[in-house]
S.K.: 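Please find one structure pasted underneath; my questions will follow.
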Amino acid sequence: MKLTTKPREQASVTSPVVRVFLLFFPWVFRLSAKLRMGKRGIKWPPVLSQAASLQRVLNRLAASNKRVGKTLQLSLMLTKALARTTTGSTTNNPRTHALAHARTRARLFSSDTPAPGRPAGGTRRHHNPNPNNLTAKLTPQATFLLHLVQPCLDVAPWIYSLVFLARLPFPLSPLPSLTHAMASSADSSTSSTSSNDISTPRSISPLVAANPMSTVDIAIIEDAMKMANLDTLRGYATDHYGEVHQDAATHYVPQNEALGYQVLNEPTWNKGLSFSPEQRIAKNLTGLIPHVMEDRSKQCERALKMIRTRQTGIDKYLYLSNLKAENVDLFYRLLIDHAQELMPLVYTPTIGDVCLQYSTLYTRPEALYISIKQRKSMATILRNWHYPNPEICVVTDGSRILGLGDLGVNGVGIPIGKLALYTAAAGIHPEKTLPIVLDCGTANETNLKDPLYLGLRSKRPSFAEQQEFMDEFMQAAAEVYPDMVVQFEDFESEKAFKYLDKYRDQYKCFNDDIQGTGAVVLGGYIGAVNLSGVPLEEQRLVFMGAGSAGVGVAKQLVEYYTKRGLSEQAAKEKFWLVDTKGLVTKDRGDRLAEHKKYFARTDNEGHQFRTLEEVIEYVKPSALIGLTATHGVFTESVVRALQASVDAGGLGRRPILFPLSNPLSKAECTFEQAVTWTDGTVIFASGSPFSSFTVKNGDQESTYYPNQGNNVYVFPGIGLGAILAKATRVTDDMIYTSAAALSGTLNPDEIQKGLIYPRIERVREASLVVAREVMKAARRDGVSNLSEEQWLEWEEWGDPALDKFIKTKIYDPEI
């Protein structure tokens, strides 16, 4: 008898079901052999009638043998993955569904395992398939696939239980019906007396040239297998943590006792080729380095040549990183003397690319890596740092790295780069710096699928659990290193504000994204207002971006206006914040994040402004600040609208435009675009460096110089000032003072060029001024633990005496 069916029913049989069992059969053979032979104490229990009971059976089975358990987990994952990608349809007749399910359950329970309500040992009968809805005409591909799958069906009835547990959206009964139909059409219609549920067909149709795997999505299978192999933590408890107990303390050789390679292998002791003959003899270095002596300039010349022959920023960064790991003094001498060229390699914009690839680029540890899995060992981990008594720490959890999103442990490049700038810009000794990454997992799917990813391969826990983890870190850091200042870096906005609010009065800490960015922008804004020609009372500012950085900057600028006589409410009314949903208003209809509520407008009279162009048309601003991490959001129409609103106020006025997002690939517009679209009148500052831009007009040339509103102008001075003042906490006035101090560091040449920040080559000079003023602010706020006698001396002699003190405390590498 020839069996036929509708095309859509044929697809239902041959597409999802056959593919699933083809996928399972290699594992099923191995698993079933173990089950039957009872290896490693595994016994096949009676298959129960309820899905919940079946799940418990499989769980016990998975727990009893690692390989078997992995097979079950992988099979379930792949079954679900294939089911999601198939479109096999079934009949919509409820009666047919019920009949199919009943027949499938009947086949689940062999003669060895009685079904509920049926006595054991009953005689089984094969039902005759209904040719109208449960049979199908086999294609050559389906015939071949069924031939491959058939052994699995004979030896592993448990696979049906697994499929039931997956709650797959396709029927299971057509497959056994189809098998019997094949057997019947091939030989006879008599009932089988074999112990197997399903008879094996005695003949298979000849194979055709068509690829039998053409309907299988191999990519889905490969991805699922890859993820199963990478996910080594699935199934373990997530709320139990052990404590590391180290049996021995680490003993380091003192510098005065180090000899030979002990000297050369310690980067803070190694002087390269500048060791004198006496030092080479005293330290047993004869023959370990070339028989030549070089001064600082020669060693720097060689290093610069190597850097400049590298083709990419990543390659240059890697060379500098290797240099720092071998000869710290030479690294920082280069960085200090060639700041304009090398700082963009050590930090933004290159550090963004480094973070994206950190797990691939990793060669040596450069930080403390604290996993939430080891949270009970926090103090032990902190004590393992190889330099005693660090004075400044930069910590991140990688949840919002620059404008790149959640990078997890890959974000550790930010603390490493940031602390290099603390040393280069403010002279904090490299041995007194401590980079830390708190690994709570990541929401970044690319990292989770990366086999080389170095972090915890799991999603982040709840905010409450991350808060507890952060509490434990701050307590341990204060216990182990009580004099250390902690700088928070690149936490996602909600956590950034909550952590700062919670810890600022308990510990010596500040957040550079919120407070540092606000201070550096304020320092530039003070100069920009003086150049703009727009009176202070007519200044109106639009912020594109209402995250932690945007709100932090806006709050710093509010303080600027209140210190000039405006009430807080009047100052706040000068600011309009825009996010991805438009102008931030109280009646916008969405749930505003807590940090946005302070600036939410109430004077919009029910109107909602959804685009930046609409907001500019409504507000008529004098300044536009960008902190969106979205490249190109300041379009030509936006910038020209800003220019028009400023021009409408009178002649000689200039627009203020600050596209501050990092790295360069996230900048809201380029310097060249800003100059072109404003006919050269713009007062411009960016977060990452742009080159100068020259415009030719006939025989005339005009060169425009960009400003870089880089946090490096303030955070090193804030940190140095807090350390030297022995501040018990970092106050708001210390942050504001850093901005005011920065605005006063311009020299005549920089003023002549229309700059609002000092040149990057002078960042050390600026940091000294910032540190001095921060120390004085700490004294005014009563948070300095320096002796009264010391302060009385400085108050008698003034800034020269305090400057001299600071210079004696800063690191200046000599080679």
S.K.: Is the backbone N or O of E489 less than 3.5 Å from a side-chain atom of T396, with the two atoms forming a donor-acceptor pair by type?
M.R.: yes
S.K.: Check whether the side chains of D647 and Q643 place a donor and an acceptor atom closer than 3.5 Å, and report yes or no.
M.R.: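 Looking only at side-chain atoms, Q643 and D647 do form a donor-acceptor pair, the distance falling under 3.5 Å.
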S.K.: Can a salt bridge be assigned to the pair K753 and E750 using a cut-off of 4.0 Å between side-chain N and carboxylate O?
M.R.: no
S.K.: Taking side chain to side chain contact (heavy atoms under 4.5 Å, CB included) as the criterion, tell me which of L541, I656, L642 meets it with P621.
M.R.: L642
S.K.: Quick one: does R759's side chain get under 4.5 Å of N747's, heavy atoms only?
M.R.: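 Yes. Closest side-chain heavy atoms under 4.5 Å.
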S.K.: Indicate yes or no for a side-chain donor-acceptor contact from Q708 to the backbone of G687 under 3.5 Å, with no hydrogens or angles considered.
M.R.: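 Between the backbone of G687 and the side chain of Q708 there is a qualifying donor-acceptor contact (under 3.5 Å).
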S.K.: Between F488 and F491, what is the ring plane arrangement, given parallel below 30°, perpendicular above 60°, and tilted in between?
M.R.: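 Perpendicular.
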S.K.: Please check if any side-chain donor atom of T681 sits under 3.5 Å from a side-chain acceptor atom of D679, or the reverse.
M.R.: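 Checked: T681/D679 side chains show no N/O donor-acceptor pair below 3.5 Å.
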S.K.: Hey, are Y422 and Q487 close enough side-chain-wise for a donor-acceptor pair under 3.5 Å?
M.R.: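 Indeed, the side chains of Q487 and Y422 share at least one donor-acceptor pair under 3.5 Å.
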S.K.: Using modelled atom types only, decide if a donor and an acceptor are shared between the side chain of D406 and the backbone of A443 within a distance under 3.5 Å.
M.R.: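 Confirmed, D406 side chain pairs with A443 backbone.
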S.K.: Could you tell me whether a side-chain N or O of R540 sits under 3.5 Å from a main-chain N or O of V619, the two making a donor and an acceptor?
M.R.: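 Here the side-chain-to-backbone pair exists.
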S.K.: Is there a salt bridge (charged side-chain N to carboxylate O under 4.0 Å, His left out) between E538 and R653 once you walk through the steps?
M.R.: CA-CA 12 Å; E538 296 182 29; R653 298 191 174 197; 2.8 Å; yes
S.K.: Treating R764 as the side-chain partner and A424 as the backbone partner, does any N or O pair qualify as donor plus acceptor under 3.5 Å?
M.R.: yes
S.K.: Does the side chain of D781 come under 3.5 Å of the side chain of T731 through a donor N or O and an acceptor N or O?
M.R.: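 T731 and D781 do have a side-chain donor-acceptor pair below 3.5 Å.
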S.K.: Parallel, tilted or perpendicular: which one describes the rings of F575 and F543, with boundaries at 30° and 60°?
M.R.: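 Rings of F575 and F543: tilted, 30 to 60°.
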S.K.: Can you classify the ring geometry of F671 versus F684 as parallel (below 30°), tilted (30 to 60°) or perpendicular (above 60°)?
M.R.: tilted
S.K.: List the atom of T676, the atom of F693, and the distance in Å for their closest heavy-atom pair.
M.R.: OG1-CE2, 4.1 Å
S.K.: Checking N707 side chain against I756 main chain: does a donor-acceptor pair fall under 3.5 Å?
M.R.: yes
S.K.: Taking E668 for its side chain and T628 for its backbone only, find out whether a donor-acceptor pair lies under 3.5 Å.
M.R.: yes
S.K.: Does the side chain of T745 pick up a donor-acceptor pair with the side chain of E765 at under 3.5 Å?
M.R.: no
